[in-house]
Amino acid sequence: MKKYFLLCLAIASLTACQKDDAPTPDSNVKAALSVEFDNIVGGQNLVLNTGTYTNSFAESYSVSELRYYVSNFKLTNTSGVTYTVPQDSSYFLIVESDETKHEAELLVPQGDYSSISFTVGVDSLRSTMDLSKRTGVLDPAGDMETSMYWGWNSGYIFFKMEGISAAAPLDNSGQHKFRYHIGGFGGYSAPTINNIKTVTLDLTAGGVPKVRTGREANIHLMVDVAKVLDGNTPVSIAAHPSVMFSDFSVTIANNYSSMFRHDHTEN
Amino acid sequence: MLRKPIGVVLILLLLGACSKEVISHFATFEKPADFPEPVYHFASNEITEEKFELGRKLFYEPRLSRDNTISCASCHIQSSGFTQHGHDVSHGIDDRLGSRNSPPVMNLAWSPTYFWDGGVFDLDLQPIAPILNVVEMDEKLENVLNKLRAHPDYPGLFKKAFGTDEISSDRFLKALSQYMLMLVSDQSKYDSVMRKQGPSFTDDEAAGYTLFIQNCSSCHKEPLFTDYSFRNNGIGIGANNDKGRYLVTLNELDLYKFKVPSLRNLSYTSPYMHDGRFISLEAVLEQYALHVQATPNLDNALQQNGKLGISLNSTEQKQIISFLKTLNDKNFITNKRFAEP
């Protein structure tokens, strides 16, 4: 970890040098910017299935499944100008078990950015759009392993975390499994729970991404999934082994909205 | 001298007939003049013959289920008004039982929501629910698409309908919508009477219609015979404590409310209510007259002047049933166009 950090520092200083020589970036030209979602648990890297963690109720648990939607990215540059990534290319599904699905790849105007904001989940407008506008990660067919879509109550599952804990009761599958499937875009024909969360993070402390043609700045976010259980409201797995479309899902969503922090930037 | 022009005219007539035949060969969705404007988004799914026919084939396609045994038509049978007649709750894969009575696939273009609890708001999204449901088809949508892609016929049929042989969720679901949208029932005796096409109500039917207007039509609104609202009609909480609309809104005021069903084709769609608890219309009418229960959120229309239910004597109940039978649409349940191809 330390080594990695030093390397980043070295890269950061190198790019800083480069910038001194570089002309002012042209905001009319777009370049690549990636946002990495590095899932961790407290001070440890998240390791699916084999890693064991403990919440504030002293309940030990492992995580077998973690996936969530991030969408509607906006970046504000150091001059205070906000760029909204076009919606059609602004939906990503982060899947812990698939290393190719840990990043949101964006194309933004060249510039230096001081803050980023995104939605955890899928906005209500897209959730109710014609199917032809819901391709890729938004295709209700989803992938074969696990669906991120509720058929009976039309809407996306924004956040899914499952795992094993002795604190969870034995279920029909013969496992002590906990299941958190959180969704709810506010309702179409009647108002209902809205678990769409917007996260805004300052990038100045951890390193301003300098977006330039020919290289890819990477905003490295740490996503501490321990916050799902130990966020603003501590959640006991024994008391809440399964949370899906229910009022309590709001508590889980509020908890996970605080799990994102900017760690560093690679320019 | 005369021969030539006649020949030309004949040829013109023939041409006209031919081109006319081509144009009118496929009768597309048409709003009955006395029906309100449909709510379905036809603009993004314009009906064509090829898409309708593909949708019909898909409706009767058992590959939509995990073990290729259950199609949409398993629980929505044309001769039963597109319901699963005779079953209180629907029977799905492995003979698993659902928790609700299959509703009719009928006049869906006017429905703002689908299912007894209104959990789905777009017809295109509706088939996903039974496909995923473990007691109905217990399959994954991606799996269904893969089975269709591997089938000898479907890629060609998708190409015919959509221009390329790509089989996507969007295309698959929109084709199914096309078939379901075309299932319009508007050829009952009631419709003929209202349209002054000749038939008239018998005395009992006419008396029943008057009673219906006075006592039933505030929820079962003409001409679709539902206002698509969700209400607790006082039949009492079911054995499985189905909370109805509440499951979708999590609003206490929606506890035990279910969608007001249409009353068209009742003679083919027994049993009645969301859990199919009444097997006859006589039992339904008696329920409203005598057995309405004061459960949470009981509809106001069923507790007027401090009295539960609707005041109807047995003659009046019979008259209302006579009227309801004029809503049967024989053409709808026998139309070959809607049958398995």
Side-chain angles (χ1 to χ4, degrees), chain A residues 88 93 95 122 124-157 160 171-173 179 181-195 242-253, chain B residues 39 41 43-45 98-100 111-137 139-146 162 166-174 176-177 228-230 245-254 257 259:
Chain A
D88 282 343
L93 182 61
V95 182
V122 178
S124 60
L125 195 65
R126 188 66 61 157
S127 295
T128 56
M129 241 178 224
D130 189 85
L131 266 174
S132 57
K133 303 276 183 205
R134 302 212 239 154
T135 51
V137 296
L138 295 176
D139 189 333
D143 59 51
M144 299 296 286
E145 304 148 47
T146 178
S147 177
M148 291 294 278
Y149 186 80
W150 280 318
W152 62 278
N153 186 6
S154 301
Y156 293 95
I157 298 171
K160 185 183 268 195
D171 64 19
N172 290 336
S173 69
R179 294 172 173 88
H181 298 182
I182 311 300
F185 64 85
Y188 183 77
S189 49
T192 179
I193 49 174
N194 185 336
N195 282 325
S242 176
V243 181
M244 295 188 185
F245 192 73
S246 68
D247 290 330
F248 193 75
S249 70
V250 176
T251 302
I252 303 266
Chain B
V39 298
H41 50 91
S44 62
N45 192 16
S99 57
R100 294 178 185 161
S111 188
T113 62
Y114 302 90
F115 296 107
W116 283 103
D117 57 22
V120 173
F121 48 77
D122 182 344
L123 182 59
D124 298 349
L125 304 173
Q126 190 281 340
I128 301 171
I131 291 170
L132 297 182
N133 192 331
V134 291
V135 300
E136 295 183 59
M137 291 167 155
E139 181 56 293
K140 294 195 160 62
L141 195 48
E142 183 63 21
N143 242 355
V144 173
L145 300 181
N146 284 339
F162 293 98
E166 184 199 346
I167 298 180
S168 64
S169 316
D170 180 37
R171 289 177 170 188
F172 164 71
L173 292 165
K174 281 189 171 150
L176 270 171
S177 286
Y228 298 104
S229 63
F230 301 89
R245 180 70 172 159
Y246 171 84
L247 298 171
V248 166
T249 65
L250 302 175
N251 179 349
E252 298 280 329
L253 295 174
D254 287 331
K257 288 185 180 175
K259 191 190 288 165

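Remember, predicted model here, so these are calculated numbers, not experimental data. Residue numbering restarts at 1 for every chain, and letters A, B, ... go by the order of the sequence lines. Scope of the values below: all heavy atoms of this structure, side chains included, with no hydrogens, waters or symmetry mates.
To the nearest 0.5 Å, atom CG of residue B:Leu141 and atom OH of residue A:Tyr149 are 9.5 Å apart. Here B:Asp117 contributes atom CG and A:Trp152 contributes atom CH2; the two are 7.0 Å apart, rounded to the nearest 0.5 Å. From A:Ser249, atom OG reaches atom CG of B:Leu250 across 7.5 Å, with rounding to the nearest 0.5 Å. The CG atom of B:Asp170 sits 8.5 Å away from atom CG of A:Asp139, with the distance rounded to the nearest 0.5 Å. Atom OH of residue B:Tyr228 and atom OG of residue A:Ser189 lie 14.0 Å apart, to the nearest 0.5 angstrom.
Listed options A:Thr128, A:Asp247, A:Leu131 were ranked by heavy-atom pairs under 4.5 angstrom with chain B; first place goes to A:Leu131. Of the residues considered (A:Ser154, A:Gly187, A:Gly155, A:Gly151), A:Ser154 shows the highest number of contacts with chain B, using heavy-atom pairs under 4.5 Å. Among the candidates B:Leu132, B:Thr249, B:Val248, the residue making the largest number of heavy-atom pairs closer than 4.5 Å to chain A is B:Val248.
Looking at B:Asn251, there are no atoms closer than 4.5 Å to chain A (heavy atoms on both sides), in backbone or side chain. Within the 4.5 angstrom heavy-atom criterion, only backbone atoms of A:Ser127 (N, CA, C, O) approach chain B. With a 4.5 angstrom heavy-atom cutoff, A:Thr135 does not touch chain B via any of its atoms. There is no contact between B:Arg171 and chain A, counting heavy-atom distances below 4.5 Å.
Ring geometry for A:Phe185 against B:Phe121 counts as perpendicular: the plane angle is over 60°, on a 0 to 90° scale with 30° as the lower cut.
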Determine, stepwise, if the pair B:Leu125 / A:Arg134 fulfils side chain to side chain contact (heavy atoms under 4.5 Å, CB included). CA-CA 11 Å; B:Leu125 304 173; A:Arg134 302 212 239 154; 3.5 Å; yes

